[in-house]
Amino acid sequence: MPHILSRAGVLMAVEGQDRMALQPGRIYVAPPDHHLLVSPGHVHVTKGPRENRSRPAIDPLFRTAAQHYGPRVIGVIMTGMLNDGTVGLLEVKRRGGIAIVQDPDEAAFPSMPLSALRYVKVDHQVRADEISSLLVRLTSEEGVTGPLGLDVPFQLAMESKFAAQETLDEIDTMDSIGALAGYSCPECHGPLWRMNGDGPIRFRCHVGHAYTAEAVLAGQAESLEANLWDVLRTLEERASLLREMAGQAREMNLRHEAADWEGRIRFLEKDMVSVRALLTNGTSGETKKNNKKTGT
């Protein structure tokens with residue numbers, strides 16, 4: 001990606017490395033399977049917990065940029081599935097930054113722009129081909145360059161620490177930033193807390209996995225599909241074993257025993273048809289619909 005971006009324009013793009021210095025006129029790209037975060041004068045690369053089932057995720061980047069640079073931040077949300085980036089863009093706005101969203105009518109996947117528009121009072125809604133000139137204009141204007149001058153909210157600081165892997169077991173702290181919910185984390189299966197604040201309904205577990213409600217549903221659908229495939233495999237193995245037993249019983253002229261095994265096979269075959277129908281028409285379609293997410 002850095003090579004592609006460097007060829008596409010005049011700005012140099014590089015893959016972010018931990019504690020790499022922030023330099024003007026440079027694009028920093030998150031390495032695969034790592035969050036890209038911001039601190040004063042540096043970028044950070046971590047393998048912190050996934051947010052919205054993604055790593056890298058947009059929210060941790062926006063959250064840390066808003067925390068440390070406040071009104072000097074411009075957040076951009078473009079095409080993508082589900083709603084990663086909405087909560088981070090809310091923090092950008094709260095800290096005095098600027099929010100830009102691609103016009104969802106032209107987005108290949110409008111879910112992320114629509115979510116941002118629903119929950120964030122954006123400053124600019126524009127087409128994709130208008131974003132670059134808008135950024136040039138905004139960054140050329142005289143802006144805030146001094147210290148932020150605002151206290152960092154505890155919840156913002158705390159959630160930034162999760163992505164940076166600066167927390168240990170934060171069960172006690174979770175009660176101060178959310179309320180225990182009756183759901184389990186789709187990834188680690190620990191309890192989820194519903195986070196305080198505005199924006200979409202969202203949850204976090206005490207090791208740091210974070211989700212909007214839609215991301216929880218997508219994770220549950222994926223888990224359910226995996227479990228159904230496991231059930232189908234077990235049913236097929238049982239049916240195959242029963243066929244061997246029925247065949248042996250027939251060879252030994254044990255007709256009643258063979259008929260009993262064959263009756264059990266018929267019940268298993270009905271169950272297999274039901275499970276296959278669920279996989280074909282139910283959870284697999286939901287999982288595929290929610291599984292693709294891109295964004296900026």
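- Side-chain atoms of Asn52 come within 3.5 Å of backbone atoms of Thr212 as a donor-acceptor pair (strictly under, hydrogens ignored).
- A side-chain donor-acceptor contact under 3.5 Å links Asp84 to the backbone of Ile58.
- Using a 4.0 Å cut-off between a side-chain N of Lys or Arg and a carboxylate O of Asp or Glu, Arg127 and Asp103 do not qualify as a salt bridge.
- The side-chain heavy atoms of Val231 and Leu235, taken from C-beta on, include a pair separated by under 4.5 Å.
- Taking the side chain as every heavy atom from C-beta outward, Asn83 and Glu214 approach each other to under 4.5 Å.
- Contact annotation: the side chain of Val126 never approaches that of Gln102 to less than 4.5 Å [non-hydrogen atoms, C-beta and beyond].
- Of all non-hydrogen atoms in Pro200 and Thr86, the two that sit nearest each other are CD-CG2, 3.8 Å.
- Grouping the Ile, Leu, Val, Met, Phe, Trp and Tyr side chains by contacts below 4.5 angstrom, directly or via other members, places Val38 apart from Ile27.
- Nearest heavy-atom pair across Leu5 and Ala13 is CB-CB, 3.7 Å.
- Atoms OG and CE, on Ser240 and Met245 in that order, are 12.0 Å from each other to the nearest 0.5 Å.
- Heavy atoms from other residues, nucleotides or ligands lying under 6.0 Å from CD1 of Ile201 number 12 at most.
- Counting only distance, with no hydrogens or angles, the side chain of Ser54 and the backbone of Pro56 share no donor-acceptor pair below 3.5 Å.
- Between Val45 and Pro31, some side-chain heavy-atom pair lies under the 4.5 Å cut-off.
- Crowding of Tyr119 atom OH: a count of heavy atoms from other residues, nucleotides or ligands under 6.0 Å exceeding 12.
- Side-chain atoms of Thr79 do not come within 3.5 Å of backbone N or O of Ala107 as any donor-acceptor pair.
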### Task
Determine, stepwise, if the pair Leu135 / Val76 fulfils side-chain contact (heavy atoms from CB on, under 4.5 Å).
CA-CA 10 Å; Leu135 289 173; Val76 183; 4.2 Å; yes
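- Under 3.5 Å, the side chains of Gln67 and Ser160 contain a donor-acceptor pair of N or O atoms.
- No more than 12 heavy-atom neighbours from other residues, nucleotides or ligands sit within 6.0 angstrom of CD on Gln248.
- Looking only at distances, a side-chain donor or acceptor of His34 sits under 3.5 Å from a matching main-chain atom of Pro32.
- Contact of the Pro60 side chain with the Thr64 side chain is not registered, since no non-hydrogen atoms from C-beta on lie closer than 4.5 Å.
- Taking 4.0 Å as the cut-off between side-chain N and carboxylate O, Asp18 and Lys47 do not count as a salt-bridged pair.
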### Stepwise side-chain contact (heavy atoms from CB on, under 4.5 Å) test for Leu278 and Glu225
CA-CA 9 Å; Leu278 283 172; Glu225 181 178 354; over 6 Å; no
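- Salt bridge annotation for Arg94-Glu91: present, with a cationic side-chain nitrogen under 4.0 angstrom from a carboxylate oxygen.
- Proximity of Val14 to Arg26: side-chain heavy atoms (C-beta onward) are separated by under 4.5 Å at one or more points.
- For Ser115 (side chain) and Met112 (main-chain N/O), no donor-acceptor pair under 3.5 Å exists by modelled atom type.
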### Query
Can you list the steps and then say if Glu141 with Arg137 is a salt bridge (Lys or Arg N to Asp or Glu O under 4.0 Å)?
CA-CA 6 Å; Glu141 294 174 353; Arg137 177 171 64 81; 3.1 Å; yes
### Query
Hey, mind stepping through Arg202 and Glu51 against salt bridge (Lys or Arg N to Asp or Glu O under 4.0 Å) and telling me if it holds?
CA-CA 10 Å; Arg202 63 189 189 95; Glu51 297 208 16; 5.9 Å; no
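- Panel note: side chain Thr280, backbone Ala277; no donor-acceptor pair is recorded below 3.5 Å.
- Atoms CG and CZ, from Leu89 and Arg63 in turn, are 12.0 Å apart once rounded to the nearest 0.5 Å.
- For the atom pair Arg55 CZ and His35 NE2, the distance stands at 6.0 Å (nearest 0.5 Å).
- Within 6.0 Å of CZ on Arg255 lie no more than 12 heavy atoms contributed by other residues, nucleotides or ligands.
- Atom CD1 of Ile100 is separated from atom CG of Leu134 by 4.0 Å, given to the nearest 0.5 angstrom.
- Nearest heavy-atom pair across Ala215 and Arg53 is O-CD, 3.3 Å.
- Distance OG1/Thr234 to CH2/Trp229: 13.0 Å, rounded to 0.5 Å.
- Both Ile265 and Met272 belong to a common hydrophobic cluster when Ile, Leu, Val, Met, Phe, Trp and Tyr are linked at side-chain heavy-atom distances under 4.5 angstrom.
- Follow the hydrophobic side-chain contacts under 4.5 Å out from Leu114 and you never reach Val122; the two are in separate clusters.
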### Task
Check the pair Asp123 / Lys93 against side-chain contact (heavy atoms from CB on, under 4.5 Å), numbers first and verdict last.
CA-CA 9 Å; Asp123 300 286; Lys93 283 292 294 181; 3.0 Å; yes
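- Atom CG of Asp230 has more than 12 neighbouring heavy atoms from other residues, nucleotides or ligands inside a 6.0 Å radius.
- Glu269 contributes atom CD, which lies 11.5 Å from atom CZ of Arg276 (distance to the nearest 0.5 angstrom).
- Hydrophobic clustering, with ILVMFWY side chains joined whenever heavy atoms are under 4.5 angstrom apart, keeps Val87 apart from Leu156.
- A salt bridge between Glu237 and Arg243 is absent, with no side-chain N of the basic residue lying under 4.0 Å from a carboxylate O of the acidic one.
- No side-chain heavy atom of Lys270 sits less than 4.5 Å from a side-chain heavy atom of Arg266.
- Shown here for Pro113 and Pro110, the closest heavy-atom pair between the two residues is CD-O, 3.2 Å.
- Surrounding CZ of Arg250 are more than 12 heavy atoms belonging to other residues, nucleotides or ligands, all under 6.0 Å away.
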### Task
Take Leu224 and Gln220 through the test side-chain contact (heavy atoms from CB on, under 4.5 Å) and record every step on the way to the result.
CA-CA 6 Å; Leu224 179 58; Gln220 290 172 339; over 6 Å; no
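- No option in Arg19, His44, His68 other than His44 meets the side-chain hydrogen bond (donor to acceptor under 3.5 Å, both in side chains) test with Ser39.
- Between Ser184 and Pro191, the closest side-chain pair of non-hydrogen atoms is not below 4.5 Å.
- Considering all non-hydrogen atoms of both residues, Trp261 and Ala249 come closest at CD1-CB, 4.4 Å.
- Under the ring pair (Phe, Tyr, Trp, His ring centres under 6.0 Å) rule, Phe203 has a single partner from Tyr211, Trp193, Tyr183, which is Tyr183.
- One hydrophobic cluster, built from ILVMFWY side chains closer than 4.5 Å, holds both Leu22 and Val92.
- Here the closest heavy-atom approach between residue Phe154 and residue Ser176 is recorded as CE2-OG, 3.4 Å.
- Distance alone, capped at 3.5 Å, is enough to place a donor-acceptor pair between the Arg204 side chain and the Gly208 backbone.
- Within a 6.0 Å radius of CD in Gln17, other residues, nucleotides and ligands contribute 12 heavy atoms or fewer.
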